[in-house]
There are 2 protein chains.
Amino acid sequence: MGNQDSKAPYDLIFNNVARFIDLNDEEKELFKSLLRQGSAKRKEFIMQPGEVMKYEYFVTKGCLKVYTLDRNGVEHVSMFAIEDYWTGDMASFTRQQPSTYFIKALEDSEFLMLSKQSFEQLFIKIPKFERFYRNLYQRSLVSYIERVNEGISLTAEERYEIFLAKYPQIANRITQKNLAAYLGITPEFLSMIRSKMSKR
Amino acid sequence: MGNQDSKAPYDLIFNNVARFIDLNDEEKELFKSLLRQGSAKRKEFIMQPGEVMKYEYFVTKGCLKVYTLDRNGVEHVSMFAIEDYWTGDMASFTRQQPSTYFIKALEDSEFLMLSKQSFEQLFIKIPKFERFYRNLYQRSLVSYIERVNEGISLTAEERYEIFLAKYPQIANRITQKNLAAYLGITPEFLSMIRSKMSKR
DNA sequence: GTGGAAAAATAAAGTAGTTTAAGAAAACTA
DNA sequence: TAGTTTTCTTAAACTACTTTATTTTTCCAC
């Protein structure tokens, strides 16, 4: 890839933003100036419980896992974020209070980071970003509402099939252990589901 | 209550909006003009699957239940909306596609309604409403993310206790059957949980 | 490319939550 | 205030999912 890399991440985020609002060149530059670039090696933590979420993350390469550990040390995955995904711990970021989440890179990853201060600056300097985030959150909300519904109404097998259909590009690059932690079941049971399904 | 009723609902929604943005009198009047008033008797449907969600609802009195029926005819509750809550089927409303949800009044209820067209007008005429909804959705998102996490990491008993602590004013006015449908368990099992808890 | 670690598969025993059924209590309707 | 319907409780049998343990497979760091 070489030195083209420095431009590519911004193109990705500009396109992401362009789904909901149009930016002129000047606005793009301003937006760009508020972003920081970051990276993390595979298995590296971007965030651990107790820390305050300093940034919103936009993934440009790799894959991040947002998760908690319960009191028995069992992992529960809130979301996976691959290229073109926004992520973070919104509760901690918004209120600037200690997080309860881990964020860890599952692959060598790169991302753009927007600090709380830059986030607020962005709304002041380019108010139409309110519209962008309004739309972004509206969409996320729809998918979380669906996920809650699936959780209270479907079996683990049905939820697994839905995940495969909805996020094939994520399913392909994560381990079954991580997928089980997202579905809310044990890896052993996911393994049973898969073997049962393959016998059909 | 008498004829004061006609003013009260707007005060409620103005205060709700004032959590995130300030409106002057002119803006309030404009906002008011885009709202419709509605009501429903106990047990009345506001929405049924197959219909397209025409409005976003802001409840000013009573209690609404947003739910689905699965293929076995079992109810699953997405949310309860009491006074000062916004509700609707956002997926259907946004995309103007048929809904899969029922919305039913659990009590005689009153609400303000914002049509899709008015919703869009609102953003054109009073752009800071983007900010209001950005914040509203941001908050909802935080609570749905929490709920997903509770669903995949906690037992039914723990989820029940959290609901009681978080929404005592809702727990008090709904039946256990409805609460069970929200928690994703059977009414029988909720009854067992309660009797077990009361023996401690 | 090899050794060590992590992930995945399989299976048996255990538990959280469901199903079915029937009676008791509460809550509407007339 | 009685009659009807709905909700709640209890309990026994059942199932989806967990736990624990062992073996096999995959992966990746050196």
Side-chain angles (χ1 to χ4, degrees), chain A residues 41-44 62-63 65 67 69-77 80 104-109 150-164 170-200, chain B residues 41-44 62-63 65 67 69-77 80 104-109 150-164 170-200:
Chain A
K41 286 271 166 214
R42 196 174 116 83
K43 295 188 181 176
E44 193 179 312
C63 181
K65 171 174 70 166
Y67 67 102
L69 286 186
D70 66 24
R71 64 180 149 319
N72 306 315
V74 179
E75 257 187 55
H76 304 282
V77 174
F80 300 105
K104 192 182 193 175
L106 294 181
E107 306 171 3
D108 293 352
S109 301
E150 289 162 6
I152 61 180
S153 59
L154 302 180
T155 63
E157 181 171 345
E158 291 168 319
R159 269 145 45 214
Y160 173 59
E161 283 175 336
I162 287 175
F163 185 88
L164 293 185
I170 295 180
N172 277 337
R173 53 204 275 195
I174 61 175
T175 61
Q176 280 172 228
K177 198 187 165 207
N178 279 323
L179 179 42
Y182 176 93
L183 294 173
I185 58 176
T186 58
E188 291 84 354
F189 190 55
L190 178 54
S191 182
M192 283 175 60
I193 289 172
R194 283 166 49 85
S195 94
K196 192 180 137 207
M197 280 172 60
S198 71
K199 275 166 200 154
R200 285 203 296 258
Chain B
K41 287 266 164 218
R42 197 172 115 84
K43 295 189 180 175
E44 194 178 313
C63 180
K65 170 173 73 166
Y67 68 102
L69 286 186
D70 67 23
R71 63 180 149 325
N72 307 315
V74 178
E75 257 186 54
H76 304 283
V77 174
F80 300 104
K104 193 182 193 174
L106 294 182
E107 306 171 2
D108 292 350
S109 302
E150 289 163 6
I152 62 180
S153 59
L154 303 180
T155 62
E157 180 171 346
E158 291 168 320
R159 269 146 46 216
Y160 172 58
E161 284 175 334
I162 287 175
F163 185 88
L164 292 185
I170 295 180
N172 278 336
R173 54 204 273 196
I174 62 175
T175 61
Q176 281 173 224
K177 199 187 164 205
N178 279 324
L179 179 43
Y182 176 95
L183 294 173
I185 58 175
T186 58
E188 292 84 355
F189 190 55
L190 178 54
S191 182
M192 284 174 61
I193 288 172
R194 284 166 48 85
S195 94
K196 192 180 138 205
M197 280 172 60
S198 70
K199 276 167 198 155
R200 282 204 296 258

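Letters A, B, ... mirror the listed sequences (proteins, then strands); counts begin at 1.
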B/I193 has an atom CD1; how far is it from atom P of C/dT15, in whole Å? 17 Å
Between A/K41 and A/D108, is there a side-chain N and carboxylate O pair less than 4.0 Å apart? yes
To the nearest angstrom, how far is A/E188 atom CD from D/dT24 atom C1'? 15 Å
Nearest-nucleotide comparison on DNA chain C, the residue closer to the 5′ end among B/K43 and B/R159: B/R159
Whole angstroms only, please: what is the CD-P distance between B/Q176 and C/dA27? 11 Å
Within this structure, what is the CZ-to-C1' distance between A/F189 and D/dA16, rounded to whole angstrom? 5 Å
Rounded to the nearest Å, what distance is computed from the CD1 atom of residue A/I152 to the P atom of nucleotide D/dA16? 19 Å
Using whole Å, what does the distance between atom C1' of nucleotide C/dA16 and atom OH of B/Y160 come to? 18 Å
Answer yes or no: is there a donor N or O on one side and an acceptor on the other, between the side chain of B/R159 and the main chain of B/L154, under 3.5 Å? yes
What is the distance, rounded to the nearest whole Å, between atom CG of B/L154 and atom C1' of C/dG17? 15 Å
Between C/dG17, D/dC17, C/dA8, spot the one nearest the side chain of B/I185, thanks. C/dG17
Counting only side-chain heavy atoms from C-beta out, which of D/dA16, C/dT18, C/dG17 sits nearest to B/T186? C/dT18
Within-4.5 Å side-chain heavy-atom neighbours: B/F80 and B/L106: yes
Can you figure out which of D/dT19, C/dG17, C/dT19 approaches the side chain of B/T155 most closely? C/dG17
Decide yes or no for B/R194 and B/Y160: does some side-chain heavy atom of the first lie under 4.5 Å from some side-chain heavy atom of the second? yes
Donor-acceptor pair, side chain of B/N72 and main chain of B/V74, under 3.5 angstrom: no
Nearest-Å distance, CD (B/E75) to C1' (D/dT6)? 13 Å
With the side chain of B/T175 defined as its heavy atoms from C-beta on, choose the nearest nucleotide among D/dC8, D/dT18, C/dG17. D/dC8
Check every atom of D/dT10, D/dT7, C/dT10 against the side chain of A/S195 and return the nucleotide holding the closest atom. C/dT10
